[in-house]
Asks: 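Pasting in a structure now, in structure tokens, and then I'll have a few things to ask.
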Amino acid sequence: MKISWLLGVVALVLIMSWVHGFEVTAAPSVNPLLVGLTLIPSAADKGAGYHLHRGSGSGVNSWLIQLEGGGWCNDISTCVFRKKTRRGSSNLMEKVVEFTGILSNKPEENPGFYNWNRVKVRYCDGASFSGEGYNQAAGLFFRGQRIWTAAMEDLMSIGMRNADQALLSGCSAGGLASMLHCDEFRSLLPGTKVKCLADAGLFLDAVDVAGGHTLRSFFEGVVNLQGVSVNLPAACMNHMDATSCFFPENLLAYIQTPLFLLNAAYDVWQLQESLATKRADPHGYWQECKLNNANCNSSQIQFLNGFRNQMLNSVKEFSSSKENGLFINSCFAHCQTERQDTWFAKDSPRLANKEIATSVGEWYFDQAGVQAIDCQYPCDKTCHNLVFSRNHH
């Protein structure tokens, strides 16, 4: 599948490649840093791997951990398919990746974290690093929690235990993972300044265009098949079922570590995979709107504004704490930290005239409180909205 994003007169072709998730490849950076893959010997059978670029100078004891995203699998067939991709086997992962956006080593591209130890932990399960189980008939091992633990143990052994400040972040399924593991990450580093960042991870238990709950049904499959319930916060499980506790809107109340939520109010992944799927929209009424927000009619925008309102309502209590941060822009986007053009550039998205990187930095370093919520679409002219080609499916 292909996705093209238009910036001015330049069309960039981006590749999407995972089940129930699409990948938004980072926009070009000038001479991006290339970082090799490290497979963890003690966890080779668990599929744990990461890319690490060491910090320097004032950042030598600072650590940024970015959890890779990449959708989920919710039944035997999708998990068997995933097993044969780089999202299910460390043998198929790219050996080298570009570090851009929040992972960049250039101060002009990543002012707050460029000289930190920056790590990209590879996503090799289909449950946001939270699965635990085994399906013998299908030969499927669900080891998300073990992969997380193995990666953290390895990073601790090579210097992270000496961190004086740390940030756990992630995009999409990795954004959800950063919330699920936020307090656990903080517990690994007592005495260290620890905060978390979730980019495009605010997946809502929303009603789809047909009146159903597409994402709830999907997440129920993920949670039940992969044994996720044993790794969900006990405090949440005491009040709700496991599927509900996998939804961020319900998790937020139980996260005690300072957290920053970065999300597009008109998240295009949720538009396509939760709100207006082919099953919910069999006649294709939403097809043109899903491809390009400029094609959405007034009734569709009204429906999407309802989704935005649900998102804002879900973070009301969360935002009452000054320790937490928010950057919710009214864009048709998904994942804005790893793309250089959306993280920090001359024309990158802004709220209160501040880029995402500036807002996150001011929040992390306690320079300012950040509770930035955009007005309704189409008021924001700084958005980098994603526009899809017609063969997108």
Side-chain angles (χ1 to χ4, degrees), residues 18-22 67 69-83 87-88 123-138 140-148 170 172-182 198 200-255 263 267 269-282 306-307 310-311 313-314 334:
W18 64 63
V19 178
H20 288 284
F22 59 80
L67 301 178
W72 309 269
C73 59
N74 68 323
D75 55 31
I76 295 297
S77 62
T78 56
C79 289
V80 167
F81 174 83
R82 187 183 183 95
K83 180 181 176 181
R87 300 298 181 199
Y123 186 32
C124 198
D125 78 309
S128 289
F129 294 91
S130 296
E132 180 60 53
Y134 172 57
N135 186 289
Q136 186 173 6
L140 291 170
F141 294 87
F142 303 116
R143 290 170 166 166
Q145 181 67 34
R146 297 187 193 190
I147 290 170
W148 155 266
S172 194
L176 172 54
S178 71
M179 288 184 264
L180 289 167
H181 292 289
C182 185
L202 194 53
F203 298 98
L204 300 181
D205 186 6
V207 175
D208 61 36
V209 297
H213 286 265
T214 294
L215 193 55
R216 167 165 280 275
S217 297
F218 182 80
F219 272 3
E220 184 175 19
V222 174
V223 168
N224 292 337
L225 177 66
Q226 300 199 43
V228 171
S229 61
V230 297
N231 295 315
L232 294 172
C236 182
M237 291 288 289
N238 288 336
H239 296 89
M240 300 181 186
D241 62 273
T243 301
S244 295
C245 289
F246 199 64
F247 275 100
E249 61 198 276
N250 300 319
L251 276 173
L252 292 176
Y254 302 100
I255 298 173
N263 228 94
D267 187 299
W269 187 92
Q270 294 188 69
L271 169 57
Q272 296 181 7
E273 301 292 344
S274 171
L275 302 178
T277 62
K278 287 187 176 180
R279 178 172 292 184
D281 180 39
F307 174 80
Q310 181 180 346
M311 183 178 292
N313 287 333
S314 74
H334 185 73

Asks: Rounded to the nearest 0.5 Å, what separates atom CG in Asn74 from atom CD in Glu220?
Replies: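 Atom-to-atom, Asn74:CG and Glu220:CD are 10.0 Å apart.
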
Asks: Looking at the rings of Phe203 and Trp72, which for Trp means the six-membered one, are their centres under 6.0 Å apart?
Replies: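 They qualify: ring centres under 6.0 Å apart.
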
Asks: Mind running side chain to side chain contact (heavy atoms under 4.5 Å, CB included) on Leu67 and Trp148 for me, showing each step along the way?
Replies: CA-CA 9 Å; Leu67 301 178; Trp148 155 266; 4.1 Å; yes

Asks: Verify, without hydrogens or angle tests, whether Asp281 (side chain) and Val209 (backbone) share a donor-acceptor contact under 3.5 angstrom.
Replies: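 Checking the backbone N and O of Val209 against the side chain of Asp281, no donor-acceptor pair under 3.5 Å is found.
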
Asks: Restricting to non-hydrogen atoms, name the atom on Leu225 and the atom on Cys79 that form the minimum distance, rounded to 0.1 Å.
Replies: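 Leu225 and Cys79 have their closest heavy atoms at CD2-SG, 3.7 Å.
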
Asks: Please report the closest heavy-atom contact between Gly201 and Asn263, naming both atoms and the distance.
Replies: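 Smallest interatomic distance, heavy atoms only, reads N-OD1, 3.3 Å.
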
Asks: Hey, mind stepping through Asp208 and Thr277 against side chain to side chain contact (heavy atoms under 4.5 Å, CB included) and telling me if it holds?
Replies: CA-CA 8 Å; Asp208 61 36; Thr277 62; 5.5 Å; no

Asks: Test side chain to side chain contact (heavy atoms under 4.5 Å, CB included) on Val207 and Phe307 and set out the steps.
Replies: CA-CA 9 Å; Val207 175; Phe307 174 80; over 6 Å; no

Asks: Just so I know, are the side chains of Leu180 and Val228 near enough to count as touching, which here means a heavy-atom distance under 4.5 Å?
Replies: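 Contact flag for Leu180/Val228 side chains = no.
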
Asks: Identify the heavy atoms of Ser178 and Gly170 that sit nearest to each other, and give their distance.
Replies: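 Looks like CB-N, 4.1 Å.
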
Asks: Please name the pair of heavy atoms, one in Gly175 and one in Ala198, separated by the smallest distance, quoted to 0.1 Å.
Replies: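 Minimum heavy-atom contact is O-CB, 3.5 Å.
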
Asks: Measuring from atom CE of Met311 to atom CG of Leu204, what distance do you get when rounded to the nearest 0.5 angstrom?
Replies: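 Met311 CE to Leu204 CG: 5.0 Å, rounded to 0.5 Å.
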
Asks: Is Ser274 reaching over with its side chain to a backbone N or O of Leu271, donor-acceptor style, under 3.5 angstrom?
Replies: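 It does not hold such a pair.
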
Asks: Is the shortest side-chain heavy-atom distance between Phe142 and Asn135 below 4.5 Å?
Replies: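 Yes, at least one pair of side-chain atoms sits under 4.5 Å.
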
Asks: Taking the inter-plane angle between the rings of Phe247 and Phe219 on a 0 to 90° scale, is it parallel (under 30°), tilted (30 to 60°) or perpendicular (over 60°)?
Replies: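 Correct class here is tilted.
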
Asks: Output every pair passing side-chain hydrogen bond (donor to acceptor under 3.5 Å, both in side chains) with a member in residues 223-232, not counting sequence neighbours, ordered by first then second residue.
Replies: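 Not a single pair qualifies under side-chain hydrogen bond (donor to acceptor under 3.5 Å, both in side chains).
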
Asks: Search all heavy atoms of Ala173 against all heavy atoms of Ser128 and return the closest pair with its distance.
Replies: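 Smallest interatomic distance, heavy atoms only, reads O-OG, 2.9 Å.
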
Asks: Report yes if some heavy atom in the side chain of Ser130 is under 4.5 Å from a heavy atom in the side chain of Leu232; otherwise report no.
Replies: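 They are not in contact (no side-chain heavy atoms under 4.5 Å apart), so the answer is no.
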
Asks: Looking at side-chain heavy atoms only, is the closest gap between Tyr254 and His239 below 4.5 Å?
Replies: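 When only atoms from C-beta onward are counted, His239 and Tyr254 do touch, with a gap below 4.5 Å.
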
Asks: Check this for me, if you would: do Glu132 and Arg146 make a salt bridge, where the nitrogen-to-carboxylate-oxygen distance has to be below 4.0 angstrom?
Replies: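 Yes, charged N to carboxylate O under 4.0 Å.
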
Asks: Any heavy-atom pair between the side chains of Leu140 and Ile76 that's under 4.5 Å?
Replies: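 Yes, at least one pair of side-chain atoms sits under 4.5 Å.
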
Asks: Does any non-hydrogen side-chain atom of Phe129 lie less than 4.5 Å from one of Gln145?
Replies: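 No, too far: nothing below the 4.5 Å cut-off.
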
Asks: Go through it in stages, so that I can follow the logic: the residues are Ser314 and Leu202, the test is side chain to side chain contact (heavy atoms under 4.5 Å, CB included), and I'd like the CA-CA distance, side-chain angles, deciding distance and then a yes or no.
Replies: CA-CA 9 Å; Ser314 74; Leu202 194 53; 4.2 Å; yes

Asks: Is there any side-chain hydrogen bond (donor to acceptor under 3.5 Å, both in side chains) pair reaching into residues 240-250, and which pairs are they, with sequence neighbours excluded?
Replies: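 Only Arg216-Ser244, Asp241-Ser244 qualify under side-chain hydrogen bond (donor to acceptor under 3.5 Å, both in side chains).
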
Asks: How close do Cys124 and Ile147 get, heavy atom to heavy atom, and via which atoms?
Replies: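 Smallest heavy-atom distance, with atoms named: CB-CD1, 3.9 Å.
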
